[in-house]
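Predicted model only: the values in this text are computed from it and were never measured. Letters go in sequence order (proteins before strands), and every chain restarts at 1. Computation of the quantities below employed the complete heavy-atom set of this structure, encompassing side-chain atoms and omitting hydrogens, waters and symmetry-equivalent molecules.
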Protein chains: 2
Amino acid sequence: MRISELSRLSGVSVASIKYYIREGVLAAGESDGPNRATYGGDHLARLRLIRGLVDSAGVSIAGVKRIAGALDAGIPVNEAFGVAQSAVPLVGATDGTEPSAHATDAIRDVIHPHAVGHPAAASAARALDTFEAAGEPISAAWLERYAEAAAIVARADFDELERRPDPAAQARIVAVGTALGDVVFQSLRRIAQATEGERRFPSPPPASPPAV
Amino acid sequence: MRISELSRLSGVSVASIKYYIREGVLAAGESDGPNRATYGGDHLARLRLIRGLVDSAGVSIAGVKRIAGALDAGIPVNEAFGVAQSAVPLVGATDGTEPSAHATDAIRDVIHPHAVGHPAAASAARALDTFEAAGEPISAAWLERYAEAAAIVARADFDELERRPDPAAQARIVAVGTALGDVVFQSLRRIAQATEGERRFPSPPPASPPAV
DNA sequence: AGCTATCGGATAGTCCGACTGTCTATGAGA
DNA sequence: TCTCATAGACAGTCGGACTATCCGATAGCT
């Protein structure tokens with residue numbers, strides 16, 4: 001197919017497709033001459049993946065490039081984790097400020113010892129500091145429940161991974177699942193909050209759902 | 001204190017402080033004359049909150065303004081949820097594309113019936129569609145575990161809320177906890193993945209932690 | 001009283017990411 | 001032959017978050 005048809009089928013403007021090709025996120029069409037190139041189903045699929053990661057998970061174009069590059073290169077699973085986490089920088093991975101000692105301790109209390117130096121531990125600790133900056137420090141019990149939930153999610157992630165026999169498929173699910181899993185969980189958390197709120201404080205009239 | 005001292009204590013440049021005042025995120029100092037104003041501890045605390053929400057949780061200045069405004073106005077708890085969710089738009093709340101029917105069904109299967117129309121349900125469904133665009137649809141079991149984890153987190157959130165007797169404190173924790181809870185969970189998920197990975201696939205040499 | 005460093009306030013400029021628009025040469029199809 | 005879509009290059013736009021410059025005034029020192 002030609003670029004205009006690819007644009008029509010994907011809902012992405014021709015200009016944006018060209019931009020993605022320029023940025024190396026999408027392969028160029030197979031050239032049939034100086035001003036003619038052919039695109040196939042692979043291009044359409046990749047385009048849907050790009051739009052999905054960008055729109056649905058908020059991944060940057062540079063991040064999509066890393067993820068897509070990993071898929072193309074067929075990297076091993078253990079590297080896929082690194083790619084996924086570099087492509088989707090943890091919100092607030094600005095390591096400018098050091099977290100407070102007691103926030104760091106609070107995090108250490110709920111994670112496995114070998115993960116104490118993990119960059120995400122500092123992110124979590126800084127978030128705890130921000131709770132305090134707002135005048136509302138959270139309890140250890142709250143944090144423990146979060147860690148428990150995170151463990152459930154991580155086990156589900158690995159079970160899903162082991163469900164796939166093919167190493168390439170495993171790498172794919174890791175590369176893509178890190179970003180998308182965050183979104184799925186955030187969404188389900190919003191929904192669960194609404195459900196739990198309704199359970200604890202029933203509203204007589206039909207509740208108006210908050211605008212997200 | 002004067003603006004330069006506020007800048008020094010907070011680590012935020014004078015120019016940025018002025019910008020925050022212009023944007024209405026931070027109150028202006030108390031004017032002592034045409035070119036003299038005094039700032040107090042409240043300003044410093046607010047500045048720390050702003051930097052925390054921006055750096056740690058990736059909230060936009062406009063979002064911080066809504067959250068901070070809610071704190072100042074002393075809004076009721078049920079409204080605080082709406083404020084928090086509008087201030088921290090769910091990644092991928094671009095309602096341009098409709099999720100597929102079977103993704104919508106998959107989400108419906110794991111949430112409470114009254115939440116089916118919730119905007120976050122569409123976000124979650126779109127994320128499932130993106131898994132498929134990557135060629136790796138996820139299993140119902142995976143989604144169920146996520147929903148279970150989300151329920152645990154939501155209960156922890158409400159327990160933490162009910163721990164506070166003061167309605168103003170409840171509103172504060174809601175306004176701030178939505179954004180920060182996402183970050184804490186994401187961080188703990190990364191850590192739990194590393195831990196679970198180590199448990200299932202032990203690495204003989206000390207594992208190199210992935211760069212976040 | 002004179003001087004100067006700093007302050008508050010306003011306005012304009014910068015930087016970055018993600019596009020979007022314009023232009024040119026070319027060649028396929030009517 | 002003529003028109004029109006295309007590939008490819010490059011400049012322009014837009015929004016968000018600052019950052020730099022300028023100006024008038026005055027606190028505080030001499």
hbond_proxy B/Asn35 side chain to D/dA25 base (donor-acceptor, 3.5 Å cutoff): yes

Gap between atoms CD1 and P, on B/Ile3 and C/dA10 respectively (whole Å): 13 Å

Distance-only donor-acceptor test (3.5 Å): side chain A/Arg22, base C/dT20: yes

A/Arg51, A/His43, A/Lys65 screened by side chain to side chain donor-acceptor pair (under 3.5 Å) with A/Tyr20, the one that passes: A/Arg51

Output field: ring centroids A/Phe81/A/Phe158 closer than 6.0 Å: yes

Sugar-phosphate only, base, or nothing, as touched by B/Ala37 at under 4.0 Å among non-hydrogen atoms: sugar-phosphate

Earlier contact from the 5' end, DNA chain C, for A/Gly33 and B/Ala28: B/Ala28

For B/Val77 against B/Ala171, the heavy-atom pair lying closest together: CG2-N, 4.0 Å

Presence of B/Ser4 side-chain N/O under 4.0 Å of C/dC7 phosphate oxygens OP1/OP2: yes

Sugar-phosphate, base or nothing in reach of B/Arg51, heavy atoms under 4.0 Å: sugar-phosphate

Distance, rounded to the nearest Å, where A/Leu26 contributes CG and D/dA7 contributes P: 12 Å

Touch class at under 4.0 angstrom, heavy-atom based, for B/Ser31 against every strand present: nothing

